[in-house]
Structures are given as structure tokens and as C-alpha cells.
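Computation of the quantities below employed the complete heavy-atom set of this structure, encompassing side-chain atoms and omitting hydrogens, waters and symmetry-equivalent molecules.
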Amino acid sequence: MRVRFAPSPTGQLHVGNARTALFNWLLARGHGGTFILRIEDTDAERSTKVSEDSILEDLRWLGLEWDEGPDVGGGCGPYRQSERLHLYTSYANELLGAGYAYYCFCSPQKLDADRKQDLAAGRPPRYHGTCRSVGPDEARRRMEAGERAVVRFRVPDHIDISFHDLVRGEVTFNTDNIGDFVLIRSDGRPQYNFAVVIDDALMEVTHVIRGEDHISNTPKQVLVYRALTFSPPRFAHLALVMGPDHTPLSKRHGATSVAEFRDRGYLPEALMNYLALIGWSPRSDAANPGSSDELLPMDELARRFALEDVGHSAGVFDPEKLAWMNRHYMKSLPPSRVAAEAARFFTARGYLRKMTDAAAAYLESLLPMAAGSVDRLEEIPERLAFLFEYDAEAASEKADVGAVVQEPGARDVIAAMPDAIAGAMLDRESFRAMAARVREKTGQKGKALFHPIRAALTGEVGGPELDLAVPAIDRGAGLPGDAGLARIQDCAFRARSFAAAVLRGR
RNA sequence: GUCCCCAUCGUCCAGAGGCCCAGGACGUGGCCCUUUCAAGGCCAAAACACGGGUUCGAAUCCCGUUGGGGACGCCA
């Protein structure tokens, strides 16, 4: 089995395309097949190297490694259409010679006028066949005289073209609705429907899995396969991914490119798992009916994936469910993996200046208290701001902190804290011991005790469990200056300065 | 306009004629847990687009309607 993903480098990798890539990858990996990456850059105006590079980067980040492609090579290269032009020319000449194709000299203006006329008359807009009768000799004369020509495929009239779609079944189109399409443009570059056929055939692609937007191109391609006596691959067309309003997913709906999801702090594991579940679900486990099998790693998805189980209808992209999955993966993936992926967000906030072993270890140790309670990696440093941005003075001015301070007994707790802190609290026990001393001294307990403690030590009224947060503060404060992290003030200092700020006027 | 595809809770899926007064997940609501915000646990509300057939029996098969999507380029 050989499958391929063939993006055109005209922009960022879109989640819809990422899903198409994923389905191809899953099929290949699940069947010991080969996953090919081919760059369809025949549109010289819109294709850019920047886009190509970013698409490759995104695919790698997603974990969709390819076996053959522009950068890794392979036996059927080159894998960039712009480097295969001689092949298209040669096959086009073959079709021209055999009468399957002809030169067309119609101007874009005339084509446009014809199209409008068809539409107005309620006919399917298709090429009128004006140049069908131009013979080879006349064509040569006109080209020598400087006229520009495209090469068109001569579509036979009144016949049905059928193909078996692996997800949809038998699909039939009548050629009466298909105009003579362009094979080679006037500048010599191939047109999509021609280039794909040559490439898929030469690259020995066995299964073409692509978006449903290509289904009406398929009969054209079948025609080319036949004319060239290539045997066509198996086709499978995937229903499209839509926005909440059932229009094609676009920027209007928020993030749509893989890069945007990465920038917002989604894990590739979550994005892939989520995308796999739009339009497909793993066979329900016969031995365990009613069990939910949604959270599956890539290798397990690949093991279970089958085209027969792919749905026929378009699915709506649901950011809420993606967020839920992301939460799951932030909690369940190895902390080192999550920390590595989250590091850039600490850097962006200025909390991480240089990645060192000590910084990595510290960040990793923070994850249990933060990763389970937010949706995205980007929110992790936010939730840990109390570590790196503590300021007693500023905190005491905040309304919510002020409210806590006003609670009965709160000031006593705050006043008692500096003395109760015996030394660095590096574990849960030493923190609890400190809290016990304050309780003894003030008689406060429960919320009345812990709310002021939290306010004093973190400058906030909510946040991670104090059992975890307090030791994290003092462990962070003990880090050497060259650890690469922003300075963290210790609890003893915090308690003193907070008490000073709050009790000053008393 | 013409052709093609599609149609189960708000959303993603399960359901391949009786197991379905339709099952799971996300989200929503409630309750519980709790030194905070979250998280987590439990419970609940919530759907077979409509109309005809076929059949002893239809969410499942057929036809039509409606609705949605795609395509009709010297874009891919």
C-alpha cells in the first residue's frame, strides 16, 4: 500500500488538510504501507518556499512523518511538481499524438464569455469545443506565428464514468457535464488534474485519500488514466470539516491553521486524536459494549483505523471537545514531554530566560499543580504567575485580595505568619506545620486560616493547592541564579512584606 | 442553473430490519468532594428532518420533498 498527502504550498497547513494527512498516515501505518509527501507547486503565482517549509514543519510537529518526500527523497522522486515538468510535457505529447488531446487557442476573455452564457442559459458551464477541430498542422502554424495555446483533453461525449469510492461506494458522472479540461497551460506548466494522475501513477500510489472537494475531479482523472493506460488507484473521498454554522471552516471561526493551534498551546497528540474522531470512530469493542474508546494514541488509532468505518457526512469542528482532549493529554503525557512543549510559553512571559537542566526539572515539577486545571499549555505559566510575579504591595491593593484581608481574623493570621515560618518549606509537611503554628497562635482554622495564608504567600485568592504551591515557591526561591529562571521570592520574605503592606495603617 | 455527495441529541460518533420508548463522548444543568479557582466523581435534560412506500416489524431498505455541502478555472 502506498498513500500520499499532496498539499500545495500556498499558505499554512489547515486543520482540514491536517486531517486528510492524518487519515492517509493512519492507513499507511496501520497496514505497513508507505506514506508519501508530494508538494503540488505548479501554481507559480501562489506557491512559496515559506509555505512549503511551514507545512513540513507542521506535519513533523504533528508526528506525521513521511517515508518519501521532497526533503527525504525516495525511489519515485522528485517529490515537488515544479521539478517534474519534463514528465508532464512528455505525457502530454503522448496524448496529443494519440488524439486524446488537442491545442486550444481560445482567449481567457472568450472562455469567460462562454461560461457566463452557459450559466445564464441554465447549462453546465463547460468548454464549447471551439478548438477541437484545429488540426496538428494548423496548430503548429499558429504557434509558430506566436499564438499561445493550452493543451486540452478531448472528453468523450455522452458516456458515464464510474469509479468505486472506498467510503461512498459507486459514484457515476456523465461526461456531458465535463468540459474538455486543460492538461498543460499556455506557459507549459501542467494543470492539477493532469499532474496528479501522472504523479500518482508514477509514484505507484495505490490509495488516493483526499477531501470531498475533489470528488468531481475524479472522473476527469479516470479519463486520463485510461488514455494513458495507467491503472487507476483506489479512491476515497473524505467529507469536509465545517465551522459551527455549517459553512467551510475558515478564519471567521477562529483558529484554523495547525500553527495557530500550536501557538495557542495545544498538544499535537490532542489535535491528532481529536481530528481522527471527526468523521470516524473506532469500532466499538464487542467484548465491552458501551465503553468509550475516544482517547487513543496515534499508534492505537493506526491499528484500528479502517476506511470502511469513515463516515459520509461533513462534521463540525468543535473547539470545546478539542480543549477537553488537550486537558487530558496535558495530564496524561509524561511531564517531561509536556514541560518541553510548554517551555516556550514560560519564555514568552519572561519566566524562563534560558533552558537549563535545573530549569527543566523545576518546570516539570510544577506541572502536576497546573496542567490538570487549564485547557491549554499557554495558560500554564499564567496559572503559575504567583511564583514569578509576586509583589506584596500590588497584591494588597487588589480588590479580591482586599476582601480576603477584611475577613474576620484574617489580619491576625497575616500578622502571625512571619514568625510561624521557621525556614524554607520544601514539602507539604513543613507547610502544614507552619499552618498549624498559625492556627495555634490565632485560633483560626479552615477557610479563615487558609484564605489569608494564600493571599499572603501568592498574592492571589485562587490557584493551585497550597500543599503544592507553597513548596514550589520555596524550591523555586532556592534555585541558583544561573538556573535560567526569573527570580522567585521565598515565603519568608513574602509573609513579611505582605504583612507590612497590609498592616501598615493599623 | 446543472451535476455529485450528505442527513441520529446543540456538537462528534454508535446503530449495517426486531437486542432501540435509540447507546457513548464533548458541552449544558444539578448534586458530591473541597482550605480557593480549577480538576475529579455521580445524576439529569437532550436526537432518528419531512412525506410516501416495502415489510408481520424500519433510525436502519426504496422513492420523493426539504435542508446542507461540494464541483462546474490556463486554482489545487
Side-chain angles (χ1 to χ4, degrees), chain A residues 6-8 10 40-43 45-47 104 106 108 111-112 115 118-127 148-152 165 167-168 171-174 176-179 181-187 189-193 195-196 210-219 237 239-240 242 244 246-248 274 277-284 289-295 309 311-325 327 331 369-375 383 404 435 445-455 458 460-467 469:
Chain A
S8 60
T10 55
E40 309 220 321
D41 57 351
T42 56
D43 183 345
E45 287 81 50
R46 296 197 299 157
S47 298
C104 165
C106 294
L111 262 15
D112 198 45
R115 192 161 25 244
D118 284 338
L119 247 12
R123 288 187 302 254
R126 39 172 288 196
Y127 179 61
R148 310 262 288 168
V150 301
V151 177
R152 278 185 194 275
D165 189 294
V167 346
R168 270 150 231 286
V171 180
T172 303
F173 286 83
N174 192 282
D176 289 347
N177 297 302
I178 302 173
F181 52 94
V182 172
L183 261 23
I184 303 287
R185 297 182 266 225
S186 57
D187 62 2
R189 292 182 342 244
Q191 198 263 352
Y192 168 74
N193 282 304
V196 252
R210 70 219 322 187
E212 196 189 13
D213 47 342
H214 286 296
I215 200 163
S216 55
N217 283 322
T218 308
H237 290 93
L240 270 18
M242 313 296 250
H246 282 92
T247 62
Y274 175 64
L277 262 25
I278 302 180
W280 176 75
S281 72
R283 283 263 167 92
S284 43
S291 66
S292 76
D293 282 332
E294 295 203 314
L295 272 357
D309 297 333
H312 299 185
S313 54
V316 172
F317 186 90
D318 181 8
E320 294 289 351
K321 188 151 186 176
L322 204 214
W324 169 76
M325 280 210 173
R327 219 150 55 213
K331 278 186 287 196
M369 78 170 106
S373 41
V374 295
D375 287 347
R383 190 155 168 86
V404 167
K445 56 183 190 315
K447 294 187 184 187
L449 175 64
F450 288 101
H451 280 189
I453 291 181
R454 173 182 294 282
T458 70
E460 291 170 9
V461 298
E465 280 180 68
L466 287 173
D467 278 352

Using the [atom1] atoms only, state how far [M] lies from [N], rounded to an integer number of Å.
N     : M     : atom1 : result
B/G24 : B/G15 : C1'   : 11 Å
B/G40 : B/G1  : P     : 49 Å
B/C26 : B/C20 : C1'   : 23 Å
B/C61 : B/G18 : P     : 12 Å
B/G17 : B/G69 : P     : 32 Å
B/C6  : B/G10 : P     : 23 Å

Taking [atom1] from [X] and [atom2] from [N], how many angstroms apart are they, rounded to a whole number?
X        : N     : atom1 : atom2 : answer
A/Ile453 : B/U35 : CD1   : C1'   : 9 Å
A/Asp165 : B/C5  : CG    : C1'   : 10 Å
A/Asp375 : B/A38 : CG    : C1'   : 10 Å
A/Phe450 : B/U36 : CZ    : C1'   : 11 Å
A/Arg115 : B/U2  : CZ    : P     : 19 Å
A/Leu322 : B/A25 : CG    : P     : 19 Å
A/Ile178 : B/G73 : CD1   : C1'   : 15 Å
A/Phe317 : B/C26 : CZ    : P     : 17 Å

Select base, sugar-phosphate, or nothing to describe what [X] touches, counting heavy atoms under 4.0 Å on all strands.
X        : answer
A/Glu465 : base
A/Leu277 : sugar-phosphate
A/His237 : nothing
A/Thr172 : sugar-phosphate
A/Gly462 : base
A/Gly372 : sugar-phosphate
A/Leu240 : sugar-phosphate
A/Ser8   : sugar-phosphate
A/Met242 : sugar-phosphate
A/Asp112 : nothing
A/Pro464 : base
A/Gly179 : nothing

Looking only at side-chain atoms of [X], point me to the closest of [options].
X        : options             : value
A/Glu320 : B/C74, B/G27, B/U2  : B/G27
A/Arg168 : B/A76, B/C6, B/A14  : B/C6
A/Ile278 : B/C26, B/C12, B/A76 : B/C12
A/Glu40  : B/A76, B/C74, B/U2  : B/A76
A/Asp318 : B/A71, B/U11, B/U2  : B/U11
A/Trp324 : B/A76, B/G68, B/C26 : B/C26
A/Ser216 : B/A71, B/A76, B/U35 : B/A71
A/Pro125 : B/G1, B/G70, B/U11  : B/G1

Please state whether the base of [N] and the side chain of [X] form at least one donor-acceptor pair under 3.5 Å?
X        : N     : answer
A/Asn217 : B/A71 : no
A/Arg383 : B/C37 : yes
A/Ser186 : B/C74 : yes

Using a cut-off of strictly less than 4.0 Å, decide whether [X] has a side-chain nitrogen or oxygen near OP1 or OP2 of [N].
X        : N     : value
A/Arg152 : B/C74 : yes
A/His312 : B/C6  : yes
A/Arg327 : B/G27 : yes
A/Ser373 : B/C37 : no
A/Arg454 : B/U35 : no
A/Lys331 : B/G40 : yes

Checklist entry - Of A/Leu466 and A/Asp213, whose nearest nucleotide on RNA chain B comes first from the 5' end? => result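 The residue whose closest nucleotide sits nearer the 5' end is A/Leu466.
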Checklist entry - Of A/Val150 and A/Trp280, whose nearest nucleotide on RNA chain B comes first from the 5' end? => result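 Checking each residue's closest nucleotide, the 5'-ward one belongs to A/Trp280.
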Please name the nucleotide paired to [N] by Watson-Crick or G-U wobble geometry with both distances under 3.5 Å, or report none.
N     : answer
B/G29 : B/C43
B/U2  : B/A71
B/U65 : B/A49
B/A14 : none
B/U60 : none

Next on the checklist: Taking CZ in A/Arg123 as the centre, count heavy atoms belonging to other residues, nucleotides or ligands within less than 6.0 Å. Is the count above 12?
Outcome noted: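 Yes - once you tally the heavy atoms of other residues, nucleotides and ligands closer than 6.0 Å, there are more than 12.
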If only atom types and distance count, is the side chain of [X] paired as donor or acceptor with the main-chain N or O of [Y] below 3.5 Å?
X        : Y        : answer
A/Thr218 : A/His214 : yes
A/His312 : A/Val167 : yes
A/Asn177 : A/Pro124 : no
A/Thr458 : A/Ala455 : no
A/Gln191 : A/Asn193 : yes
A/Tyr274 : A/Phe317 : no
A/Arg189 : A/Thr42  : yes

Next on the checklist: Checking A/Arg126 now: which residues fulfil side-chain hydrogen bond (donor to acceptor under 3.5 Å, both in side chains) with it, not counting sequence neighbours?
Outcome noted: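 By the side-chain hydrogen bond (donor to acceptor under 3.5 Å, both in side chains) rule, A/Arg126 matches no residue at all.
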Checklist entry - Could A/Asp118 and A/Arg115 be called an ion pair, given the rule that one side-chain N must be under 4.0 Å from one carboxylate O? => result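 No, this pair does not count.
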